[in-house]
Structures are given as structure tokens and as C-alpha cells.
Amino acid sequence: MTDVTEADWVSRFADEVIAEADRRSPGKQIVCASGLSPSGPIHLGNLREVMTPHLVADEIRRRGRDCVHLISFDDYDRYRKVPAGIDPSWAEHIGKPLTSVPAPPGSSYPNWAEHFKAELVAALAELGVDYRPVSQTQMYTSGAYTDEILTAMRGRGRIDAILDQYRTKGRSVKISDKLSAEDAAAAAEAAEGSGAASEDEGGAGSSYYPYKPYCSVCDRDLTTVTAYDDATTAMSYTCECGHAETVILRDHRCGKLVWKVDWPMRWAFEGVVFEPSGVDHSSPGSSFQVGGEIIGPVFGGVQPIGPMYAFVGIKGMAKMSSSRGGVPTPGDALRIMEAPLLRWLYARRRPNQSFQIAFDQEIQRMYDEWDALVSRVAAGTATAADLAAYARAAGTAAGPLPTTPRPIAYRTLASIVDITTGDEEQTLRIVRDLDATDPIASLDEARPRLDRAANWVLSYMPAEERTHIRDEPDQDLLATLDDNQRESLRMLAAGLDDNWSLDGLTTLLYGVPKRQLGLPLDVKPTPELKVAQRGFFALLYHLLVSRDTGPRLPTLLLALGADRVRKLLGG
Ligand SMILES: [Zn+2]
């Protein structure tokens with residue numbers, strides 16, 4: 001595997017994490033962590049919560065150190081609201097643990113949390129993310145945290161005092177006040193996917209308790225702890241449903257610590273050394289900051305190194321949301337791009353830099369950039385930063401990720417699929433003609449990139465940009481052409497057969513106006529030549545697809561076949 005110890009942001013965090021881990025407990029397995037709430041679709045912004053520690057953990061493993069990446073699924077959090085598009089009757093489940101809520105109608109999964117976890121789990125496998133899943137339902141209901149829960153209850157006065165500093169200051173400056181409307185929307189969206197959405201801190205004042213039981217009758221958390229005895233661990237609670245009871249907390253398996261206490265408890269329990277958080281967790285009085293104050297005095301642990309990560313925006317979302325609804329998920333991205341490209345987008349930017357993932361035409365430029373990077377790496381001209389980002393994208397400590405054997409430019413593939421509407425036989429014919437010296441034998445050589453480009457054309461290419469090839473020549477237009485234009489079409493038609501490849505047709509197309517102007521084929525473009533070429537290309541688009549522009553002309557010609565091109569050009 002490529003050595004990537006060159007100092008990029010991942011490397012620097014790995015240095016820091018290893019030093020901190022060795023300071024705390026030398027020789028022990030190093031723990032990096034992420035937390036995700038399967039309260040709904042886990043979107044691409046949440047993926048940064050996974051990719052940041054993944055990349056750091058992967059770098060630590062590349063250095064030969066034992067490192068685990070825990071992904072905590074906060075599936076024991078309460079079900080907060082019924083999302084748009086779901087039967088309103090699901091409202092009866094509000095307040096229950098996510099694993100106790102039925103999956104959305106039509107799902108094959110046993111409950112709400114599992115339904116939304118499943119797509120992410122599949123995407124993480126494709127992305128090469130090596131992690132250990134931790135279900136908080138499993139942890140809480142098995143009693144794994146019993147000692148920690150009793151510790152938190154004993155320390156409730158201290159916790160209450162820490163939380164109180166921020167209560168009295170009030171929440172006058174909310175982080176969202178300082179953000180643009182778009183970032184605030186993303187913050188709200190991010191908060192939806194995290195425990196930060198649970199504002200309940202467990203009451204205040206003399207009756208403060210950091211533990212919230214789920215009611216043994218209605219299964220909801222509409223409960224209030226009314227009394228607790230440290231010696232016997234007897235805890236009394238009432239529920240809005242009318243139920244009231246006293247349980248022995250030491251044996252109780254149906255409740256959880258409130259979020260701001262739950263998080264530092266888990267840092268201590270798991271010995272987490274690295275866990276990043278979104279900006280929604282990093283403001284004054286936020287769960288990350290408060291957790292840092294709670295973990296030492298209450299749980300005797302140390303707060304992890306926790307960089308804040310910025311938002312991930314989606315380009316082309318406006319167009320998309322009308323047709324699909326909601327924010328795209330990693331699974332949506334992997335249907336239109338290969339795993340290394342998606343990994344690269346997260347690896348090349350420092351966590352505090354925001355970036356966008358394109359679902360619109362920009363995806364073609366993103367792919368061009370990636371291909372250019374791959375070429376630089378192959379040619380040995382890549383910078384150290386390029387090499388590091390490439391190596392993190394193309395594989396992990398476990399080995400390289402699958403690639404496309406013959407990576408034809410994404411924009412070319414998109415054009416071909418657009419023109420052929422995905423017809424395999426036609427596609428193979430065109431793809432074979434792209435490179436006459438080393439023709440592709442089977443479409444499998446162009447996969448999976450071809451399939452990703454096809455999915456993009458079918459799902460995200462705007463209908464008005466799809467290409468519709470003329471069935472019959474445009475006789476009206478042909479009748480208006482001057483001699484010069486007729487000559488240019490004759491020169492093109494005459495050269496098709498001898499130049500039937502992507503490169504050949506490119507040279508032919510640019511060459512026709514040069515020859516008409518009496519210029520040598522290797523001439524540098526002059527303003528006059530550029531005007532002539534633009535005019536020639538526009539004429540061809542009108543004759544072939546009845547528009548000013550379209551897919552790149554060499555690709556379009558290959559797709560049509562020489563006979564059809566000659567026919568539409570009036571030959
Ligand atoms: Zn109840």
C-alpha cells in the first residue's frame with residue numbers, strides 16, 4: 001500500500017492521537033469513535049462524522065498500530081417526530097426508543113433504527129470503512145452501563161452544577177444566529193441526526209436526575225424521576241400515561257442517561273482518544289464542551305481529541321429535492337460515483353473546511369479532477385499532498401478498493417448513455433471506437449464507472465439537457481446554407497471513415513475550419529479561427545440534435561455512426 005505518512009491533516013491527527021494514546025495507556029488498542037442517529041436517513045453530511053475518524057484510524061493502522069473505529073448507533077434515542085411522507089399514525093410511537101418503533105411501511109427491517117442503519121452499513125462496506133458497530137440499545141438493555149449509570153446518579157449534584165453554568169447564561173447566542181441561512185439549515189439537519197437534538201438535560205435544581213427511564217407500560221420517555229435513593233438504588237418515576245412505579249436502578253434495563261451525560265460516559269467507558277463533532281456540538285455550552293467538563297470529575301476519564309468538522313453541502317440539491325425529496329445519502333452518492341472518488345472528496349479537505357458534493361453537471365468536473373490526479377500519480381508528478389489524498393481515497397490499510405479497469409472519462413460515458421439511452425449494444429460499439437489502437441472488448445472493462453454515469457444520466461441529468469437526435473435531416477436549415485458551410489459539411493463527411501476514433505474525429509472536426517481558412521493543421525488558434533470553429537460546431541449541433549450545444553461532438557458522431565451522420569448532414 002502507498003505510504004502516506006506525508007503530513008496532511010490526517011497524518012497530523014494520527015500523530016496527535018498516537019501521542020495522546022501512549023500518554024494515557026501505552027500499548028493499548030487506540031480507540032477512534034463516531035456517533036450516528038438512525039432516526040431517519042443518514043445523509044452525506046453525517047458521513048463526515050464517519051470519514052474523519054475513519055481516515056485517522058486508517059492512517060494509524062497503516063503505521064502498524066492496533067486501532068479500532070467504533071461507530072455508535074444511537075438507536076436507543078427517543079423517536080422524536082414523524083417525518084414527511086410517513087403515515088401520521090406513527091405519532092403514537094413518539095417518545096419510544098428508535099428500536100421499538102415499527103419500520104416505515106413496506107420495509108423488511110424489524111424496526112425504525114434498523115431500517116435506516118441498513119443503507120449506511122451497505123455504503124460503509126463499499127467505501128472500505130473498517131469499524132466496530134455498537135448498538136446503544138444493546139448496550140443499555142444488556143446492563144453494560146449499569147455501573148456508569150449509578151456513578152452518574154451519585155454525581156448528579158455535580159453534573160447539575162456544571163449544566164447550570166450554561167443554563168444561567170442562557171442560550172442567548174445560538175450558533176445558528178451566526179450562520180448563513182443555508183448553513184443554519186444544514187446545522188438543523190445535522191442536529192436531527194445526532195443526540196444534540198435531544199435538548200432534555202434531565203430537569204434542573206433539587207430534582208435533577210441524569211437518567212431517564214422508558215415507561216414500563218407505554219414504552220415512552222414521557223417520564224419524570226421523582227425520587228432516588230443512592231444506598232438501595234430505588235428510583236421512583238411517574239409517566240404522562242398515568243403509570244407510576246419504583247424500580248431498582250441497579251437492575252433496571254429500560255432507560256438511558258441524558259445525552260450530555262451519555263456522551264462523556266461513553267468516552268470514558270470506551271477509552272475514546274479521537275472523536276470529531278459537528279459545529280452543532282461545539283458551541284459554548286454544547287454537548288462536546290459540557291461533556292469535557294463532566295468526564296473527569298464524574299467518570300474519571302479524559303475527553304477525546306475532538307476537532308469540529310464543517311458542513312458538507314450538496315450541489316444540485318434544489319433540482320433534486322423536487323424529484324426525490326430529502327438530503328441525499330452516501331448510498332445515493334455511490335450510485336453515481338465510485339467509492340474512491342467519494343473518499344477523496346472527504347480526504348482532501350481538512351475537517352474545518354466545508355465542501356460540496358455535486359449531483360448536478362459539476363460531477364463531470366469533479367471526475368475530471370480525479371482523473372487528472374490519477375494521471376499525475378501515475379506520471380510521478382503528483383505533489384506530496386496529492387499523493388496523500390490519492391492514497392487515502394484509493395485504498396485503506398487493508399488494501400486497494402476496486403477500480404474501473406478502463407476508466408473512460410465520466411463526461412464521455414455520460415454523453416454516450418445520454419445519446420444511446422443506455423442501449424448496451426450501441427454503447428459497446430461507441431466505447432470500442434473511442435480508442436482505435438486498443439479497443440475495449442467488453443463493457444465490463446468500463447465498469448463500474450459506466451454504471452455510475454448511467455445512473456447519473458437517468459436520475460440527475462435535467463430532462464431539458466437530454467439529447468434528442470434528429471430522425472430526419474433538417475431540410476429547411478440545409479436549404480439556407482452558403483457555399484462555405486456546404487463545403488465544410490462535405491469535408492467532414494468525406495473524412496469520417498478514415499478518422500473513426502475519438503482522437504481522429506477530434507482532429508478532423510477542428511481541422512475542417514483550419515483547412516477552409518488555408519491554415520496548417522498544427523496552427524495555434526487565432527481569434528478568427530475560433531470564430532470559424534464555433535460557427536461550424538453550432539451548425540453541426542443544429543443539424544444533428546436541433547440545439548446550439550450538446551454532448552462533445554466527437555462522442556456524438558461516434559454514437560450516431562458514420563452513415564447516420566452523413567444522412568443528417570444532407571449527404
Ligand atoms: Zn407511560
Side-chain angles (χ1 to χ4, degrees), residues 37-40 73-83 86-105 107 109-117 135-146 148-150 152-154 156 159-160 163 191-192 194-230 232-263 265-266:
S37 171
S39 57
F73 287 104
D74 293 329
D75 53 12
Y76 205 47
D77 284 3
R78 74 193 302 260
Y79 182 62
R80 295 178 55 247
K81 63 169 189 187
V82 183
I86 299 290
D87 188 332
S89 71
W90 255 249
E92 70 176 89
H93 302 296
I94 287 172
K96 292 182 186 175
L98 291 167
T99 38
S100 298
V101 176
S107 168
Y109 291 94
N111 60 59
W112 189 270
E114 290 303 320
H115 174 83
F116 289 106
K117 253 159 83 171
S135 157
Q136 291 306 320
T137 299
Q138 199 275 325
M139 296 300 281
Y140 271 107
T141 58
S142 69
Y145 297 142
T146 296
E148 286 70 21
I149 291 168
L150 298 182
M153 286 296 262
R154 265 197 311 277
R156 61 189 178 275
I159 294 170
D160 190 34
L163 293 174
E192 277 305 307
S194 73
S198 327
E199 282 299 321
D200 194 332
E201 293 171 351
S206 59
S207 62
Y208 175 78
Y209 299 103
Y211 182 84
K212 191 134 178 111
Y214 283 111
C215 173
S216 63
V217 171
C218 73
D219 206 16
R220 293 175 297 174
D221 71 344
L222 310 175
T223 54
T224 306
V225 175
T226 52
Y228 180 67
D229 179 61
D230 283 299
T232 62
T233 80
M235 179 185 75
S236 304
Y237 72 87
T238 58
C239 177
E240 285 180 23
C241 74
H243 180 64
E245 70 177 320
T246 299
V247 298
I248 299 300
L249 186 57
R250 193 188 299 113
D251 304 321
H252 193 246
R253 299 286 180 267
C254 193
K256 69 186 289 290
L257 292 172
V258 297
W259 166 245
K260 283 183 176 172
V261 183
D262 176 73
W263 202 15
M265 179 277 287
R266 288 194 244 155

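Every number for a ligand or one of its atoms is a count from 1 in the order of the listing.
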Assess whether side chain to side chain donor-acceptor pair (under 3.5 Å) is satisfied between S135 and D75, documenting all intermediate values. CA-CA 6 Å; S135 157; D75 53 12; 2.9 Å; yes
Around the Zn ion (ligand 1), how many protein N, O or S atoms are closer than 2.8 Å? 4
Apply salt bridge (charged side-chain N to carboxylate O under 4.0 Å, His left out) to K256 and D221, showing your working. CA-CA 10 Å; K256 69 186 289 290; D221 71 344; over 6 Å; no
Partner residues of D229 under the salt bridge (charged side-chain N to carboxylate O under 4.0 Å, His left out) criterion, sequence neighbours left out: none
Please assess D262 against Y140 for the test side chain to side chain donor-acceptor pair (under 3.5 Å), listing each intermediate value before the final yes or no. CA-CA 11 Å; D262 176 73; Y140 271 107; 2.3 Å; yes
Please tell me whether Y211 and Y228 form a close aromatic pair, meaning their ring centres lie under 6.0 Å apart. no
State whether D74 and R266 are salt-bridged, where the test is any N-O pair (Lys NZ or Arg NE/NH1/NH2 against Asp/Glu carboxylate O) under 4.0 Å. yes
